[in-house]
Amino acid sequence: MVNMQVDFCGIPFKNPVSTASGTYGFAIEYGSFVPVEDLGSVTTKGLTLQARQGNSGVRVVETPAGMLNCIGLENPGVDAFIQDILPRMRDRLAASDTKIIANISGNTVDEYARMAEKLAACPDVALLEVNISCPNVRAGGMAFGTSCSQAVAVCQAVKGAAGQPVLMKLSPNVTDVVEIALGLQEAGADGLAMINTLMGMVIDVDKRRPVLGNITGGLSGPAVRPVGVRMVWQVAQAVDIPILAMGGIDTARDALEYILAGARMVSVGAAAFADPLAPMQVVEGLRAYCEKYQVAAITDLVGAAWKEDTGGN
């Protein structure tokens with residue numbers, strides 16, 4: 001029997017697979033048709049302090065080996081989540097011990113802190129995943145995650161208000177991701193989530209106009225996986241806090257790349273749009289891999305690609 005359990009930020013997860021924020025709703029929309037309770041955890045749609053309608057115009061477009069989106073964080077707001085949605089998630093997932101990770105976003109440091117304070121009173125939320133790819137409206141629209149000092153400011157504010165371990169979600173749209181990861185570790189982050197989407201755009205050559213209503217959007221899907229694996233490889237060897245990895249994971253073999261590079265958990269995102277069962281298939285694929293290669297525990301593979309005596313073929 002393979003031990004699929006992982007300890008992440010001091011919390012036991014029955015397996016290392018979650019869903020990526022914004023790709024699985026709140027995991028209750030699938031009703032009884034999809035066994036979300038088979039996952040180690042589910043990550044909520046991005047939450048903001050107030051309800052948001054999202055961007056207008058075209059919000060999703062396919063690209064080679066991926067997709068661009070500019071949804072604009074459409075969500076009901078953190079208060080509605082706590083009052084109306086979280087109880088339904090708890091009722092669906094509690095019996096299976098599938099954990100809930102809440103993803104939060106803000107336009108100011110204070111907004112992040114206020115959301116963390118509200119969610120601190122929610123024992124059903126196991127972890128906070130902090131999206132720092134949002135524009136800081138007080139800094140001319142620069143994303144928090146592209147500046148080490150701004151990322152640290154958000155981390156410190158959230159840590160000061162949170163009741164749960166805090167994962168800082170790193171942006172790939174930076175020059176030195178390791179510098180930011182180390183800064184966040186020093187600031188008290190309990191873990192890191194990486195990577196967020198890459199910035200991109202598509203132009204309709206017939207209309208001679210950008211396709212997306214927001215002009216640019218976030219690139220996800222298999223096209224970004226090599227970038228994500230490289231960044232996890234670099235960061236995992238530099239920090240002492242655990243990593244939840246995501247970016248182009250369609251299959252268990254994709255997830256294994258991230259785990260071997262140093263990730264302790266993984267999230268399946270865009271693949272779920274094509275097949276809502278993709279995250280569960282990753283769980284089973286990881287178990288089958290461990291059985292095939294006689295790996296006793298999934299955690300034995302974490303960082304094995306750069307650790308000595310891996311035992312690989």
Side-chain angles (χ1 to χ4, degrees), residues 17-27 29-30 34 36 39 42-48 52-75 101 103 105 129 131-135 143 145-146 169-174 177 193-232 244-258 263 266-282 285:
V17 181
S18 188
T19 57
S21 176
T23 64
Y24 227 71
F26 294 102
E29 293 86 345
Y30 296 96
V34 175
V36 292
L39 301 176
V42 294
T43 305
T44 69
K45 187 172 180 57
L47 299 167
T48 51
R52 292 184 57 156
Q53 295 299 313
N55 292 321
S56 59
V58 176
R59 304 201 291 187
V60 176
V61 61
E62 287 191 64
T63 62
M67 60 175 283
L68 283 168
N69 91 86
C70 61
I71 302 301
L73 295 173
E74 179 181 344
N75 77 98
I101 302 173
N103 178 285
S105 302
E129 182 182 77
N131 176 9
I132 51 175
S133 293
C134 301
T146 59
K169 189 169 186 178
L170 302 186
S171 170
N173 303 300
V174 297
V177 69
M194 57 188 298
I195 57 173
N196 211 325
T197 55
L198 286 156
M199 188 66 67
M201 69 178 294
V202 172
I203 294 177
D204 184 322
V205 297
D206 295 313
K207 297 181 179 178
R208 303 178 187 177
R209 300 293 299 168
V211 173
L212 292 174
N214 196 54
I215 309 300
T216 61
L219 177 65
S220 58
V224 310
R225 188 171 62 251
V227 177
V229 171
R230 183 265 297 177
M231 287 189 165
V232 168
L244 167 60
M246 63 210 69
I249 297 176
D250 283 5
T251 67
R253 295 189 69 87
D254 302 333
L256 281 162
E257 285 197 57
Y258 279 109
V266 295
S267 286
V268 179
F273 292 130
D275 183 0
L277 294 174
M280 299 79 185
Q281 292 165 358
V282 169

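Note that this is a predicted model, so its numbers are computed, not measured.
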Closest heavy-atom contact between [X] and [Y]?
X: Met246; Y: Ala193; answer: CE-CB, 3.8 Å
X: Asn131; Y: Lys169; answer: CA-CB, 4.2 Å
X: Ala270; Y: Met67; answer: CB-SD, 4.2 Å
X: Ile195; Y: Val224; answer: CD1-O, 4.3 Å
X: Pro226; Y: Ala223; answer: CD-O, 3.7 Å
X: Ala245; Y: Ala263; answer: CB-CB, 3.5 Å

TODO: Could you list all the salt bridge (Lys or Arg N to Asp or Glu O under 4.0 Å) pairs where at least one residue sits in residues 211-231, not counting sequence neighbours?
DONE: Arg225-Asp254, Arg225-Glu257
- [ ] Determine which pairs satisfy salt bridge (Lys or Arg N to Asp or Glu O under 4.0 Å) with at least one residue from residues 53-68, sequence neighbours left out, and list them in order.
- [x] Arg59-Glu74
How many angstroms lie between atom [atom1] of [X] and atom [atom2] of [Y], to the nearest 0.5 angstrom?
X: Asn103; Y: Leu47; atom1: CG; atom2: CG; value: 7.0 Å
X: Ile132; Y: Ser105; atom1: CD1; atom2: OG; value: 10.5 Å
X: Thr216; Y: Leu198; atom1: OG1; atom2: CG; value: 12.5 Å
X: Leu68; Y: Ser220; atom1: CG; atom2: OG; value: 7.5 Å
X: Leu244; Y: Ser18; atom1: CG; atom2: OG; value: 6.0 Å

For the side chain of [X] and the backbone of [Y], is there at least one donor-acceptor N/O pair under 3.5 Å apart?
X: Tyr24; Y: Glu29; result: no
X: Asn75; Y: Thr48; result: yes
X: Thr146; Y: Val174; result: no
X: Thr19; Y: Val268; result: no
X: Asn196; Y: Ser133; result: no

Please report, to 0.1 Å, the donor-acceptor pairs under 3.5 Å made by any side chain of residues 201-215, with sequence neighbours excluded.
residue: Asp204; atom: OD1; partner: Asp206; partner atom: N; Å: 2.9
residue: Asp204; atom: OD1; partner: Lys207; partner atom: N; Å: 3.0

Open item on the list: One pair to check against side chain to side chain contact (heavy atoms under 4.5 Å, CB included): Thr43 and Glu129. What are the steps and the verdict?
Closed with: CA-CA 8 Å; Thr43 305; Glu129 182 182 77; 3.7 Å; yes
Mind checking whether [X] and [Y] have side chains closer than 4.5 Å, heavy atoms only?
X: Asn173; Y: Thr197; answer: no
X: Leu73; Y: Lys45; answer: no
X: Tyr30; Y: Leu277; answer: no

